[in-house]
There are 2 protein chains.
Amino acid sequence: MKTETVPGDERPTLKTIAFLTGLGVTTVSRALKNGPEIGEETKERVRQIAKQVGYRPNRAGVRLRTGKTNVISLILNTEEGAMGLVSEMVYGITEALADTPYHLVITPYSLSDPMEPVRYIIETQSADGVIISRTEPRDPRVSYLLDHHMPFATHGRTDMGVVHPWHDYDNESYAYNAVKLLAGRGRKRIGLSGPPPQLLYARHTARGFERAMRDFKLDVFPLSTLNLDAPADEIRRSGREIGLASDRPDGIVCSSAMSALGLVGGLEEAGLRIGRDIDIVTKQSSSFIGWYKPEILTIREDFRTAGRDLAKSVLAWIDGADPATLQHLVGPEGAV
Amino acid sequence: MKTETVPGDERPTLKTIAFLTGLGVTTVSRALKNGPEIGEETKERVRQIAKQVGYRPNRAGVRLRTGKTNVISLILNTEEGAMGLVSEMVYGITEALADTPYHLVITPYSLSDPMEPVRYIIETQSADGVIISRTEPRDPRVSYLLDHHMPFATHGRTDMGVVHPWHDYDNESYAYNAVKLLAGRGRKRIGLSGPPPQLLYARHTARGFERAMRDFKLDVFPLSTLNLDAPADEIRRSGREIGLASDRPDGIVCSSAMSALGLVGGLEEAGLRIGRDIDIVTKQSSSFIGWYKPEILTIREDFRTAGRDLAKSVLAWIDGADPATLQHLVGPEGAV
DNA sequence: TACGCCATCTGTAACGTTACAGATTTACTG
DNA sequence: CAGTAAATCTGTAACGTTACAGATGGCGTA
């Protein structure tokens, strides 16, 4: 015996509510999205019943009919060993999506074909918005997404004369503050271990560093070949050499916790004591550096906020906001 | 002018292929899933055209019709500061899903309501399979998913007399090998800084530790109050105290890189030199410990493999495999 | 009274897919 | 040569939703 017209304990649909209220399916649909042509009284009744039966719109139905996926794609390179950075960003994104109908889908790619995921997303129309994590100064993914009118936001700025939402850590301000911190502790001779020079924020970092060095009238210890993408043992070796040099610095500004750890290892090997003979400042996203060596000075970089911010920007763009208004430069909130 | 029957440059559907081949839509559908009632020649022709026009099945269509979502949900607690662990697992999962139609969706939850995501997934039928990351010995999510016949896999075993796929690091073997490593370096008096005692793998770790201590006839240095969930500064302070104790150990086995770093910080503060006065062994998932202090001994724990493994198990269960065969205990592959 | 207009509601069709129940052709059996 | 089975193909309907083009009724106006 099949009860044809009386819905049982299956997942409720618009039909279920239509049946229970005696209204048409269309009316229920319009009522739930608060359409103007439905009576206020009816709307209320529909909402009541909908809540009662625990109605949740069927994503596949909506997506098939409207093309809206309610998906935000985070594009990740799975080859980089990005440590806590990625999880913090993911957490931030999920926070921003929490009270929305959006789901977060992780879309991986390998360095051999960085365009693959964006192409896939455009071709299969599998997302309403995209977040790009390792943005290049001239990023072909950015042009591609722009060409195909897909809302997105990038972590890090681009340098291609094109407008789009982004979130960037204010590395100029970081470097300035880092130097200032060292100056405040009486340090005179400072080195900078920055990002690889081809990345855009290497320029920002250098600018902040140089400005502060002038402002505080300090000596630059040249350290140019050393960037945070160098192999671990090389960084460590550099640290050792620096520590043994006759004109060694008494302060170093690092652009990543990894390179700071490597340097510290080398410096200690050379017999220096951090905090006494030399001070190291670095960015800190998770809290592990503090766990290990409170002597290392840190300035906060918050990837969770970055994620939240990026997600919000994408949603805003989807909702029609002007992308030019969705660009955020977030500085260090202060030394920790 | 609308060209009604001649599909243009829109995304190709089954209809497009049907039009191009002169076949019926149904036939094309059956042909592409290699159904038995379609001629070999026809199948080949359909496949040709499908590839030519770049056909990709519409997920919403499939999902609406069949209920298959092609989604695997990873359930993550966004409150824990899980460092590299999470990203590595995510990467592993995406590797396993790479050549499948499955997408990875991140579903967050807060400690205030751990059941929320699984309830949501069941109620909205929004995934074909689930991966649970921080498994409790008696995990209500496990029972719930079992009750609702949702395939899943857990990272870490449960202790509730119930069969399901899981992946677990062999902490007993880890602890045994860690002690063995210390014994091989001539260490005599060893302490264990394990996981919080209520977690299941604390028991495994302790078992391996004790067995090895007996086998190699070593002295246990009691360190029981110290577990890896203790606050950072407490761990560090303990390290200092341990270093200053008259009966101090000459070896410590740690269950996490975090606690190892904290301990090392404290021990060095107390004037000890790692690798000379005392040896520390810890698990290592990412490579950052090696970057900082090669003196710390490490045994590998591979979260990427864990993720790959978990995803594969879920897919296998979805495809009808016996969950009892999808349980993997993965040991350390050797000291690094 | 007739007309039109507004407010409110309804049915049909379509998004792309697949299950199902045929339809057609071919080949083989008796 | 009829009859049937096998092989191959097809159309219809449905999944849950929403856009669109009506339908219905009440009410004010001419």
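By convention in this document, chain letters (A, B, ...) are assigned in the order of the sequence lines, proteins followed by strands, and residues within each chain are numbered from 1.
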Take the protein atom [atom1] of [X] and the nucleotide atom [atom2] of [N], then report the distance between them rounded to whole Å.
{"X": "Asn34(A)", "N": "dT8(C)", "atom1": "CG", "atom2": "P", "answer": "13 Å"}
{"X": "Glu40(B)", "N": "dC9(D)", "atom1": "CD", "atom2": "P", "answer": "11 Å"}
{"X": "Phe19(B)", "N": "dT10(D)", "atom1": "CZ", "atom2": "C1'", "answer": "18 Å"}
{"X": "Glu10(A)", "N": "dC15(D)", "atom1": "CD", "atom2": "P", "answer": "11 Å"}

What residues, two or more places apart in sequence or in another chain, satisfy side-chain contact (heavy atoms from CB on, under 4.5 Å) together with [X]?
{"X": "Thr13(A)", "result": "Lys15(A), Thr16(A)"}
{"X": "Ala311(B)", "result": "Ile93(B), Ala96(B), Leu97(B), Ile131(B)"}
{"X": "Asp147(B)", "result": "none"}
{"X": "Asp99(B)", "result": "none"}

Verify the distance criterion only: is there a donor paired with an acceptor across the side chains of Thr158(B) and His164(B) at less than 3.5 Å?
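Side-chain D/A pair, Thr158(B) to His164(B): present.
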
Can you confirm whether the side chains of Ser73(B) and Thr107(B) place a donor and an acceptor under 3.5 Å from each other?
yes

Go through the structure and list residues passing side chain to side chain donor-acceptor pair (under 3.5 Å) with [X], not counting sequence neighbours.
{"X": "Arg65(A)", "answer": "none"}
{"X": "Thr69(B)", "answer": "Asp128(B)"}
{"X": "Thr124(A)", "answer": "Ser126(A)"}

Using a cut-off of strictly less than 4.0 Å between a heavy atom of the residue and any atom of DNA chain D, enumerate the qualifying residues of residues 119-129 of chain B by number.
none

Can you name the residues that form a ring-ring contact (aromatic ring centres under 6.0 Å, His included) with His103(A), not counting sequence neighbours?
Tyr120(B)

Could you list, one pair per line, each protein nitrogen or oxygen that sits under 3.5 Å from a nitrogen or oxygen of nucleotides 25-27 of chain C, together with the distance?
none

Using five base pairs at each end to define the local axes, how bent is the helix from dT1(C)-dA30(D) to dG30(C)-dC1(D), to the nearest 10°?
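Between the axes fitted at each end of the helix from dT1(C)-dA30(D) to dG30(C)-dC1(D) lies an angle of 70°.
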
Would you list the protein and nucleotides 16-18 of chain D atom pairs, both N or O, that sit under 3.5 Å from each other?
{"unit_1": "dG16(D)", "atom_1": "N2", "unit_2": "Gly61(A)", "atom_2": "O", "d": "3.3"}
{"unit_1": "dT17(D)", "atom_1": "OP1", "unit_2": "Tyr55(A)", "atom_2": "OH", "d": "2.5"}
{"unit_1": "dT17(D)", "atom_1": "OP1", "unit_2": "Asn58(A)", "atom_2": "N", "d": "3.0"}
{"unit_1": "dT17(D)", "atom_1": "OP2", "unit_2": "Leu14(A)", "atom_2": "N", "d": "2.8"}
{"unit_1": "dT18(D)", "atom_1": "OP1", "unit_2": "Lys33(A)", "atom_2": "NZ", "d": "2.6"}
{"unit_1": "dT18(D)", "atom_1": "OP2", "unit_2": "Ser29(A)", "atom_2": "OG", "d": "2.6"}
{"unit_1": "dT18(D)", "atom_1": "O2", "unit_2": "Arg65(A)", "atom_2": "NH1", "d": "2.3"}

